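To start, the structure itself, in structure tokens.
If you're wondering where the values come from, they're calculated on a predicted model, not measured in any experiment.
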Amino acid sequence: MKKYEIMFIVKPTLDEAAIKKVADDIKATFEKFNSNVLEIKDMGQRDLAYEIKNHKKGYYFLFTLEATVDAINEFNHIVNISDNIIRALVVKLED
């Protein structure tokens with residue numbers, strides 16, 4: 001398994017419970033694919049550098065994990081179909 005950092009931004013219009021559920025669902029997805037979630041940083045709501053999907057703020061999460069390619073592909077699929085995640089970035093870390 002390779003090590004990754006994944007940052008995603010959740011819509012700020014959701015309530016606190018819904019935002020937490022989005023992060024928990026992402027974590028569960030990685031665990032379903034036998035990935036090791038090493039660290040989760042809830043970075044809170046921040047201003048965006050530019051407007052994304054009519055939002056000027058977003059709720060940031062940063063996951064550090066060891067994951068398989070299948071887990072990363074599933075994450076990308078979820079991001080593409082989810083209305084609650086407005087942006088995501090996957091960075092593969094050096095070994």
Original post:
Considering residues at least two apart in sequence or located in another chain, which fulfil the side-chain contact (heavy atoms from CB on, under 4.5 Å) criterion with E16?
Top reply: none
Original post:
Which value, rounded to the nearest 0.5 Å, describes the distance between E39 atom CD and F63 atom CZ?
Top reply: 11.0 Å
Original post:
Can you name the ring pair (Phe, Tyr, Trp, His ring centres under 6.0 Å) partners of Y4, sequence neighbours left out?
Top reply: none
Listed pairs under 3.5 Å, donor-acceptor, residues 18-31 side chains, sequence neighbours left out:
residue	atom	partner	partner atom	Å
K20	NZ	D24	OD2	3.3
K21	NZ	D25	OD1	3.4
K21	NZ	D25	OD2	2.9
T29	OG1	D25	O	2.9

**OP:** Is it possible for you to say whether F33 and V37 belong to one hydrophobic cluster, with membership spreading through side-chain heavy-atom contacts below 4.5 Å?
**Re:** no
Subject >> Those residues that, when tested against D42, pass side-chain contact (heavy atoms from CB on, under 4.5 Å) (two or more places apart) >> reply: Y59, F61
Original post:
Just wondering, more than 12 heavy atoms not from D83 lying within 6.0 Å of its CG?
Top reply: no
**OP:** Give, for atom NZ of K53 and atom CD of E51, the distance between the pair rounded to the nearest 0.5 Å.
**Re:** 13.0 Å
Original post:
Residues in side-chain contact (heavy atoms from CB on, under 4.5 Å) with K32, at least two apart?
Top reply: none
**OP:** Please report the shortest heavy-atom distance between A71 and S35, naming the atom on each side.
**Re:** CB-OG, 3.4 Å
Original post:
What are the two closest heavy atoms between E66 and M1, and how far apart are they?
Top reply: O-SD, 3.7 Å
Original post:
Apart from I52 itself, what residues make up its hydrophobic cluster, given side-chain heavy atom links below 4.5 Å?
Top reply: M7, I9, M43, L48, Y50, Y60, L62, I86
**OP:** Kindly indicate whether the side chain of E74, heavy atoms from C-beta on, has any atom under 4.5 Å from the side chain of I78.
**Re:** yes
**OP:** Could you walk me through whether L38 and K3 pass side-chain contact (heavy atoms from CB on, under 4.5 Å), step by step?
**Re:** CA-CA 9 Å; L38 304 174; K3 195 169 182 182; 3.6 Å; yes
Subject >> Separation between CZ of R87 and NE2 of H55, rounded to the nearest 0.5 Å >> reply: 11.5 Å
**OP:** Might you point out which heavy atoms bring P12 and G58 nearest each other, and give the distance in Å?
**Re:** CD-CA, 4.2 Å
Original post:
Can you tell me how far the CG atom of N36 sits from the OG1 atom of T64, to the nearest 0.5 Å?
Top reply: 12.5 Å
